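We number each residue from 1, following the sequence as shown. In what follows, every heavy atom counts, from backbone to side chain, and hydrogens, waters and symmetry copies are set aside. Order of listing sets the numbers, starting from 1, for every ligand and every atom in it. Being a predicted model, the structure only gives us computed values, none of them experimental.
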Amino acid sequence: MSAVLEVLPSAVTANVARVRAGTRSTIMAVVKADGYGHGAVTVAKAAVAAGAGWLGTTSVGEASALRAAGLAVPILAWLHPSGIDAEAAAEAEVDVAVGSVDELGALLAQAGPMVRVHLHVDTGMSRGGCPRGRWKDLIGLALRGQRARKVRVVGVMGHLPLADRADPEANAPAVARMCEARQAVRAAGLGRPLAHLAATSATLTDPATHFDMVRIGAGLVGIDPSETVRMRGASRLTAPVVHTTAVEAGTPVGYGGAYVTDRATHLSVLPVGYADGIPRECSRQAGVEIRGRRFPIAGRVSMDQIVIDTGAECFPAGTPATVFGPDGGAVPAVQDWARWAGTIPHTIVTGIGPRVRRGIA
Ligand SMILES: *Cc1c(COP(=O)(O)O)cnc(C)c1O
């Protein structure tokens, strides 16, 4: 008996449909961090079947794994901490983002084959992307590289710093910068590459950010970072009761005796703990669903287990509990866990540990 994370491709399908209903731009399905913990290949396949025209990853290695799984749409990889390997990128037919003059220079210095690049410009994030003062140099170098058939510029990308706000006014400076970058690229004679800026939140809340393509990650798995649109959760974490005891009022539970029963009750143990991604920092409201009702976690989350206070109910070993899922009612959502733990839903879904068995619904 063990915990299972069941991934729901039909939810990804519904979420892509929801995004498509609000934009005419091409959709890039971002499946970094193993598809936000849901399985990159599973999420990518569902998203592409639902109409996503591109895939996005952080590394060329992740992109190669998608190719190996048979995904044929264009893929962009944008983080290259140890430099871009032109050979590997061309081999896997992966586009790469270049975010600085140095990075592009190092790419052009390689003897490798021609690589498709997206010029990554800083639109206000100050994290990655070429700062505005160097755009001219980056574009000039890209033009020389393109003439020498070392690179082909197929995209211009920015990233929005306010990725969790529904605030078109706050996005406006980044949109203006993106327009400026696109114009500079066109004016330099690099044609009309795809411009892309928005991630999930802006895609759902600010059409001015859409440009030619939108990059959707969180939204695929049911998370709208701006919390304005209800998307469908794409996974369900369940765990079976492994044993149940009846205890008297006044019984301390778990490490430090942080929880003391206030009545005679039953305690059920579930085989998931913080090593499996259950946040240890969760508040007293945290609970799980068993047989259609919500029951609270009693005491501290241990490395491998949690204890549930089930009151008068005595659940036999093997009774399934739902830790989170898209079902509503007594079943907590990933967003509930994020609230209980004082974090964002992304950290819950990407934090589910390797011991949890994966299944596909
Ligand atoms: C992660 C990421 C995205 C997707 O963001 P979501 O808010 O998860 O949709 C888009 N673009 C870049 C550059 C990213 O790193």
Salt-bridge criterion met for R18 and D224 (N-O under 4.0 Å):
no
Do [X] and [Y] pair up side chain to side chain, a donor and an acceptor below 3.5 Å, judged on atom types alone?
| X | Y | answer |
| --- | --- | --- |
| H266 | T244 | no |
| T261 | T265 | no |
| D309 | Y259 | yes |

Ring pair (Phe, Tyr, Trp, His ring centres under 6.0 Å) partners of H120, counting only residues at least two apart
none
Would you please classify the geometry between the H118 ring and the H196 ring as parallel, tilted or perpendicular, with 30° and 60° separating the classes?
perpendicular
Atom pairs, nitrogen or oxygen, ligand 1 to protein, under 3.5 angstrom:
from, atom 1, to, atom 2, distance (Å)
ligand 1, 8 (O), Y36, OH, 2.5
ligand 1, 8 (O), A218, N, 2.8
ligand 1, 9 (O), T200, N, 3.1
ligand 1, 9 (O), T200, OG1, 2.5
ligand 1, 9 (O), G217, N, 2.8
ligand 1, 9 (O), A218, N, 3.3
ligand 1, 11 (N), R215, NE, 2.8
ligand 1, 11 (N), R215, NH2, 3.3
ligand 1, 15 (O), K32, NZ, 2.7
ligand 1, 15 (O), W78, NE1, 3.3

